[in-house]
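Computed from a predicted model, the values in this text were never measured in an experiment.
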Amino acid sequence: MGCDGGTIPKRHELVKGPKKVEKVDKNAELAAKWKYCALSQEKLKRPIVACELGRLYNKDAIIEYLLDKAAERPNSEAVTHIRGTKDIKELNLTDNPEWEGERRNTKGDRYEDIHCGMFICPVVGLEMNGKHRFCYLQTCGCVFSERALKEVKTEICHKVRKKFSSTFLILN
Ligand SMILES: [Zn+2]
């Protein structure tokens with residue numbers, strides 16, 4: 001009656017098509033998260049901080065928010081969990097040598113390679129472009145890929161060469 005398992009690969013292929021398209025959009029969205037402040041939506045620039053939820057912000061934007069929480073600003077609902085500077089951690093990020101910021105195409109228009117990350121993992125070199133999970137150490141704020149933290153069994157931070165407690169938070 002046609003229900004002989006042979007239908008399974010066909011179904012799989014049908015599911016695969018639309019899923020792939022969704023993934024591309026999601027990658028672009030994820031890549032943007034690593035480049036823009038979750039509060040001000042401006043491009044991230046040091047000093048960059050993270051909250052306990054693992055969102056990235058420009059420290060200036062957070063300080064400005066803390067000084068006047070009542071001021072009208074877009075996205076302030078995104079940071080209501082940040083009550084003071086103790087709720088944020090300044091991150092120690094590693095620049096991606098491949099990152100050139102805005103480039104120009106042959107017509108001279110500025111454009112940005114959305115899949116190129118501004119920062120990388122200093123241990124395994126993965127780019128922070130939304131495709132890999134990254135964590136920061138609560139003690140020193142250094143940022144590593146989850147892969148590096150799993151593969152390199154150490155309690156000494158690769159970057160500041162100091163012991164860290166095993167607590168780290170996942171950036172997202
Ligand atoms: Zn560190």
Side-chain angles (χ1 to χ4, degrees), residues 25-103 110 112-152 154-172:
D25 293 338
K26 210 177 175 209
N27 281 345
E29 194 184 297
L30 284 171
K33 273 191 188 177
W34 304 96
K35 283 180 191 155
Y36 297 95
C37 170
L39 175 58
S40 69
Q41 304 294 314
E42 281 170 18
K43 189 158 272 186
L44 286 171
K45 60 178 200 300
R46 289 188 173 92
I48 297 167
V49 297
C51 65
E52 59 181 6
L53 300 177
R55 295 188 189 131
L56 299 171
Y57 311 92
N58 283 330
K59 191 177 185 180
D60 294 351
I62 293 294
I63 298 296
E64 197 186 289
Y65 164 77
L66 291 173
L67 289 173
D68 185 8
K69 288 182 191 171
E72 282 267 335
R73 54 167 70 75
N75 286 322
S76 56
E77 74 281 3
V79 293
T80 50
H81 61 292
I82 300 174
R83 294 188 188 88
T85 49
K86 64 170 179 19
D87 296 326
I88 52 169
K89 179 75 194 173
E90 193 166 322
L91 299 179
N92 189 358
L93 291 147
T94 306
D95 288 318
N96 179 4
E98 303 286 314
W99 170 254
E100 293 169 31
E102 284 180 336
R103 300 173 204 203
R110 286 164 179 274
E112 201 183 297
D113 181 355
I114 53 159
H115 298 296
C116 183
M118 289 164 78
F119 307 106
I120 56 165
C121 170
V123 180
V124 292
L126 287 175
E127 277 185 40
M128 279 174 71
N129 57 7
K131 288 182 191 153
H132 315 282
R133 261 150 77 107
F134 276 76
C135 311
Y136 70 94
L137 303 179
Q138 278 190 310
T139 42
C140 48
C142 295
V143 176
F144 300 99
S145 62
E146 191 181 48
R147 190 188 295 178
L149 287 174
K150 276 184 178 163
E151 283 176 8
V152 186
T154 177
E155 289 190 335
I156 308 294
C157 172
H158 176 84
K159 235 179 131 105
V160 300
R161 305 273 170 204
K162 274 187 197 155
K163 202 174 186 315
F164 65 88
S165 74
S166 56
T167 44
F168 55 82
L169 287 167
I170 293 167
L171 294 167
N172 60 58

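Sorted by first and then second residue, the salt bridge (Lys or Arg N to Asp or Glu O under 4.0 Å) pairs with a member in residues 78-96 read Arg46-Asp95, Lys59-Glu90; sequence neighbours excluded.
Lys69 NZ: more than 12 foreign heavy atoms inside a 6.0 Å radius. Crowding of Glu77 atom CD: a count of heavy atoms from other residues, nucleotides or ligands under 6.0 Å exceeding 12.
To the nearest 0.5 Å, atoms SG (Cys37) and CG (Leu56) are separated by 9.0 Å. Going from atom CZ of Phe134 over to atom CG of Leu91 covers 12.0 Å, rounded to the nearest 0.5 Å. Summarising the geometry, atom CG belonging to Leu93 is positioned 10.5 Å from atom CZ belonging to Phe144; distances are rounded to the nearest 0.5 Å. To the nearest 0.5 angstrom, Asn129 atom CG is 8.0 Å from Lys35 atom NZ.
Looking at residues two or more places apart in sequence or on another chain, you find a side-chain contact (heavy atoms from CB on, under 4.5 Å) between Val124 and Cys121, Leu126, Ser145, Ala148, Glu151. Partners of Ala70 under the side-chain contact (heavy atoms from CB on, under 4.5 Å) rule, at least two apart in sequence or in another chain, are Asp68. Residues meeting the salt bridge (Lys or Arg N to Asp or Glu O under 4.0 Å) test with Arg147, sequence neighbours left out: none. Listed by chain and number, the residues in a salt bridge (Lys or Arg N to Asp or Glu O under 4.0 Å) with Arg133 are Glu146 (sequence neighbours excluded). The side-chain contact (heavy atoms from CB on, under 4.5 Å) test applied to Glu52 returns His81, not counting sequence neighbours. Partners of Lys159 under the salt bridge (Lys or Arg N to Asp or Glu O under 4.0 Å) rule, at least two apart in sequence or in another chain, do not exist in this structure.
Pairing each heavy atom of Gly141 with each of Tyr136, the nearest pair is O-CB, 4.1 Å. Taking each heavy atom of Leu39 and Tyr57 in turn, the nearest pair found is N-CD2, 3.7 Å. The two residues Trp34 and Met128 come nearest to each other via the heavy atoms CE3-CE, 2.9 Å. The nearest pair of heavy atoms linking Gln41 to Tyr36 is O-CD2, 3.5 Å. Closest heavy-atom contact between Cys51 and Ile82: CB-CD1, 3.8 Å. Of all heavy-atom pairs spanning Arg161 and Ile156, the tightest one is C-CG2, 3.6 Å.
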* Carefully, step by step, assess Leu137 and Cys157 under the rule side chain to side chain contact (heavy atoms under 4.5 Å, CB included). => CA-CA 8 Å; Leu137 303 179; Cys157 172; 4.0 Å; yes
* side chain to side chain contact (heavy atoms under 4.5 Å, CB included) between Ile48 and Phe119, worked out -> CA-CA 12 Å; Ile48 297 167; Phe119 307 106; 3.6 Å; yes
Can you give me every donor-acceptor pair (side chain of residues 60-67, partner residue at least two apart or in another chain, under 3.5 Å) with its distance?
none

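Side chain of Asn96 to main chain of Gly117: a donor-acceptor pair is present (N/O by atom type, distance under 3.5 Å, no hydrogens or angles). Proximity of a side-chain donor or acceptor of Asn58 to a complementary backbone N or O of Lys43 within less than 3.5 Å is detected.
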